[in-house]
Amino acid sequence: MSKSLKIISIMTSALSGCFLLIRRGRMEVRVRYAPSPTGLQHIGGVRTALFNYFFARSSGGKFILRVEDTDRERYSDESLDDLYQTLDWLGVKWDEGPVVGGPYGPYIQSERFELYKKYAEQLVKDGKAYYCYCSPERLEKLRAEQVASKSEYQGYDRHCANLTDEQRAEYERQGIKPVIRLKVPTEGKTTFHDILMGDITRRNRDVSPDPILLKSDGFPTYHLANVIDDHLMGITHIMRAQEWIPSGPLHILLYEAFGWEPPVYCHLPMVMGKDGQKLSKRHGSTSLRDFREKGYLPEAIINYVTLVGWSLDGSTEFFSKEELEKCFRIENIHKAPGVFDYKKLDWFNGYYIRACENSRLEDLVLPYLIKAGYIGSEPGCDELELVKKLVPAAKERMKVLSDIVPLSTFIFVDEPVLDASVYCAKGSDDEKTLSALKHGAEILLSGLKDGKAEEKIEEELVALSTELGVKVNGVFQPLRVAITNSTVSLPLFDSIALLGLDETKKRINRAIGILEAKNE
RNA sequence: GGUCCCUUCGUCUAAUGGUUAGGACAGGAGAUUCUCAGUCUCUAAAUAGGGGUUCGAUUCCCCUAGGGACUACCA
């Protein structure tokens, strides 16, 4: 190419870029989350929703929810409920979509049923698509043969691509319901641009040959419905998981067949399990419902999940939803897939629990205590008072809300430790342990009864330990085990406050009995 | 099998054509006059391999290897 020609070509491409900018630049960003209600919302889907939502917010655009319920076999009402519940729980609000409506509705694909058929038939009229009468059995057999022969050519053999009118009429007479397939060109190549990945090109002969657009039941397949709706709803950016990259060229072909301008693509890195495979149930919980039930806070989920495959600067760890709505940049999305780290999520969750207002935490923890049967389903004043005392003591020991149950069991279930050796701390012995328990109890109970400061009592207990020639824990452990029935527990004074003085006294005396029986 | 995508500590990630390659989780050690937890301090740990381009490459290019996704009348 000569120099001047080159310059001209650069200029024209710059110019067409300008037009694109003018056409698009004025337009606000419109993105969508378009799940199919065939199961519970999971980490991967939620991450996609979040990235779309944050991108929309941070660029002053619109976030649209669209329900892609074209698979009647796998659809369930429960999944749809779960979708709404999950987004609601996360505090992700959609600007347009089901429930709230919007100028491009309806936003549920089954309610747009007629539309897809119309467009598919238009494609047939234009010679871009055709009716196919092949039976599922024939297709199955074809596929089996291709797999067996390890043929380089995999996919539909275009058997119905050039049917005569007579042949078609004959099939129709037999009552066979056709599907509509797209004519994929066999020559040339198709390129689409991805913000993250750059240009991705595929030879047309490698595009899955003649995919079905409209199923025989009249419902569209994903490809058709997705392209039509994205266009009709004015979607500007498609942010979806990288598993969709292979169908990118097919979608471009569809946009071309319709004569439409394709949107900008951004394929999100996938979320993997520890073994590097796509995250699934066998790696642990994946549904948001599970996480919610175990007691993860929405702020922890949001914070951690958006940090898989995205980062601001590599050192900022904590982001609130509101911050992400401001600082999320599409350019900071990573290309490589990321492993979902349950431990790090736990760490975030613990952090957010500790940061949680006590009053809110009381409310959050209540259902777990009720479910455990520790407090009534209609908690009375006494019970609420107890929870009020429990929360600050348990707070920094919790990773998930359900941890409140094991931490508070000693209050509600009294199963004394009968093995005397458990009371004995490292470096102490049976005799000293008994003595520590007896004298410690005296110091403790009389001190508390007289309203002595905890610090003062603690000092006296420490003094007792030096007196007995044991470590500090040599005095505290027998008391704690006696009171909480466990070597692992809340701190001594918190435990007593929760249990009450009478019950404390009762448990200590019982423990003294257990130790005395052994020492004899 | 075919096509496409990816590759910095175990994990999530930062960085630049020139740094002791930074942070966080997890791990290890220690501190905190009660266990556990929390908090604090310290510590170990990475540019997949091989070729180029370059005075210099982890960064740019090529090859190899490894991993992943897709290959449905599912999305």
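Everything quoted here is computed from the prediction, not taken from an experiment. Letters A, B, ... mirror the listed sequences (proteins, then strands); counts begin at 1.
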Notebook entry, point to check: Reckon A:Gly309 touches a base, only the sugar-phosphate, or nothing at all at heavy-atom distances under 4.0 Å?
Noted result: sugar-phosphate
Margin query: Going by centres under 5.5 angstrom and planes under 30 degrees, do the aromatic ring of A:Trp347 and the base ring of B:rC25 stack?
Written below: no
Notebook entry, point to check: Counting any heavy atom closer than 4.0 Å, what does A:Leu492 reach on the DNA or RNA strands: base, sugar-phosphate only, or nothing?
Noted result: base
Check: Starting at the 5' end of RNA chain B, which residue's closest nucleotide do you reach first, A:Thr316 or A:Thr221?
Finding: A:Thr316
Notebook entry, point to check: Within the structure shown, what part of the strands sits under 4.0 Å from A:Val179 by heavy-atom distance: base, sugar-phosphate, or nothing?
Noted result: base
Check: Can you tell me how far P in B:rC6 sits from the matching atom in B:rC62, rounded to whole Å?
Finding: 12 Å
Next item on the list: Determine the contact category for A:Thr484: base if any of its heavy atoms lies under 4.0 Å from a base atom, sugar-phosphate if only primed atoms, P, OP1 or OP2 are that close, otherwise nothing.
Entry: nothing
Item checked: First encountered from the 5' end of RNA chain B, between A:Phe340 and A:Ser486 -> A:Phe340
Checklist line | B:rA21 to B:rU8 separation - C1' atoms, rounded to the nearest Å | finding: 8 Å
Notebook entry, point to check: Using a cut-off of 4.0 Å on non-hydrogen atoms, how would the nucleic acid contact of A:Pro491 be classed: base, sugar-phosphate, or nothing?
Noted result: base
Note to self: Between A:Phe192 and A:Tyr265, is the ring centroid distance below 6.0 Å?
What the structure shows: yes
Note to self: Using a heavy-atom cut-off of 4.0 Å across all strands, would you classify A:Lys471 as base, sugar-phosphate, or nothing?
What the structure shows: nothing
Check: Cationic tip of A:Arg47 within the cone over A:Phe51's six-membered ring, i.e. under 6.0 Å and within 45° of the normal?
Finding: yes
Next item on the list: Searching all strands shown, indicate the nucleotide that pairs with B:rA31 (Watson-Crick or G-U wobble; both distances under 3.5 Å).
Entry: B:rU39
Check: Looking for any heavy atom pair under 4.0 Å, which part of the strands does A:Met270 touch: base, sugar-phosphate only, or nothing?
Finding: sugar-phosphate
Margin query: Taking B:rC9 as the reference, what is the distance to B:rA45 when you measure between their P atoms (whole Å, please)?
Written below: 14 Å
Margin query: Whether A:Thr70 contacts B:rA75 is assessed here as follows: a side-chain N or O lying under 4.0 Å from the phosphate OP1 or OP2. Is that the case?
Written below: yes
Note to self: Students often get this wrong, so: under 4.0 angstrom with heavy atoms, is A:Ser208 touching a base, only sugar-phosphate, or nothing?
What the structure shows: nothing
Next item on the list: Please state the P separation for the pair B:rC5 and B:rC61 - nearest whole angstrom.
Entry: 14 Å
Checklist line | Rounded distance (Å) that lies between atom C1' of B:rA72 and atom CG of A:Leu250 | finding: 13 Å
Check: Nearest of B:rA75, B:rC6, B:rU35 to any side-chain atom of A:Ala336?
Finding: B:rC6
Check: Does the distance from a Lys or Arg side-chain N to an Asp or Glu carboxylate O, for A:Glu317 and A:Lys344, drop under 4.0 Å?
Finding: yes
Check: Are A:Lys395 and B:rA37 close enough that a side-chain N or O sits under 4.0 Å from OP1 or OP2?
Finding: no
Margin query: Please report the distance separating the P of B:rA44 from the corresponding atom of B:rG23, rounded so that it comes out in whole Å.
Written below: 12 Å
Note to self: In this structure, how many angstroms lie between the P atom of B:rG10 and the CG atom of A:Asp275, rounded?
What the structure shows: 17 Å
Margin query: Rounding to an integer number of Å, can you tell me how far A:Glu458 CD sits from B:rU33 P?
Written below: 9 Å
Notebook entry, point to check: In whole angstroms, how far is the C1' atom of B:rA69 from the OH atom of A:Tyr265?
Noted result: 17 Å
Next item on the list: Measure from the side-chain heavy atoms of A:Arg354 and tell me the nearest of B:rA14, B:rU39, B:rC4.
Entry: B:rU39
Checklist line | Rounded distance in Å - CZ (A:Arg74) to P (B:rC73) | finding: 13 Å
Notebook entry, point to check: For A:Lys426 and B:rU35, is the shortest distance between a side-chain N/O and OP1 or OP2 below 4.0 Å?
Noted result: no
Notebook entry, point to check: Can you check ring pair (Phe, Tyr, Trp, His ring centres under 6.0 Å) on A:Phe340 and A:His42, steps first, answer last?
Noted result: CA-CA 12 Å; A:Phe340 189 82; A:His42 55 96; over 10 Å; no
Item checked: Residue-phosphate contact under 4.0 Å: A:His267 side-chain N/O, B:rC6 OP1/OP2 -> no
Notebook entry, point to check: Name the one of A:Ile353, A:Leu401, A:Ile404 that satisfies side-chain contact (heavy atoms from CB on, under 4.5 Å) with A:Leu364?
Noted result: A:Leu401
Note to self: Check the phosphate of B:rC25 against A:Lys343, side-chain N and O only, distance under 4.0 Å to OP1 or OP2. Yes or no?
What the structure shows: no
Check: Quantified in whole Å, what is the P atom distance between nucleotide B:rG51 and nucleotide B:rA15?
Finding: 28 Å
Next item on the list: Determine the contact category for A:Leu214: base if any of its heavy atoms lies under 4.0 Å from a base atom, sugar-phosphate if only primed atoms, P, OP1 or OP2 are that close, otherwise nothing.
Entry: nothing
Notebook entry, point to check: Going by distance alone, is a donor N or O of one side chain under 3.5 Å from an acceptor N or O of the other, for A:Lys294 and A:Ser285?
Noted result: yes
Margin query: Regarding A:Gln477, tell me which of base, sugar-phosphate or nothing describes its non-hydrogen contacts under 4.0 Å with the strands shown.
Written below: nothing
Note to self: Please classify the nucleic acid contact of A:Lys274 as base, sugar-phosphate, or nothing, using heavy-atom distances under 4.0 Å.
What the structure shows: nothing
Check: Reckon A:Glu459 touches a base, only the sugar-phosphate, or nothing at all at heavy-atom distances under 4.0 Å?
Finding: nothing
Check: A:Tyr304 vs A:Phe348 aromatic rings, parallel, tilted or perpendicular, using cut-offs 30° and 60°?
Finding: tilted
Item checked: From B:rU33, B:rC74, B:rG68, nucleotide with atom closest to A:Met272 side chain -> B:rG68
Notebook entry, point to check: Taking the C1' atom of each, how far is B:rG17 from B:rU54, in whole Å?
Noted result: 8 Å
Next item on the list: Between B:rC6, B:rA37, B:rC70, spot the one nearest the side chain of A:Glu243, thanks.
Entry: B:rC70
Note to self: Can you see if the side chain of A:Lys215 gets near the phosphate of B:rC74 - specifically, an N or O under 4.0 Å from OP1 or OP2?
What the structure shows: yes
Margin query: Classify A:Val472 by what it touches in the nucleic acid, base, sugar-phosphate, or nothing, heavy-atom distance under 4.0 Å.
Written below: sugar-phosphate
Checklist line | B:rG18 versus B:rC25 - spacing of their C1' atoms, nearest Å | finding: 31 Å
Margin query: From the set B:rA69, B:rA37, B:rA75, return the single nucleotide nearest to any side-chain atom of A:Lys278.
Written below: B:rA69
Notebook entry, point to check: Taking only N and O in the side chain of A:Thr38, is any of them less than 4.0 Å away from OP1 or OP2 of B:rC74?
Noted result: no
Check: In whole angstroms, how far is the C1' atom of B:rC70 from the CZ atom of A:Arg202?
Finding: 7 Å
Next item on the list: Determine, step by step, whether A:Trp347 and A:Tyr342 satisfy the ring pair (Phe, Tyr, Trp, His ring centres under 6.0 Å) criterion, reporting the C-alpha distance in whole Å, the side-chain angles of both residues, the deciding distance to 0.1 Å, and the verdict.
Entry: CA-CA 9 Å; A:Trp347 176 75; A:Tyr342 288 87; over 10 Å; no
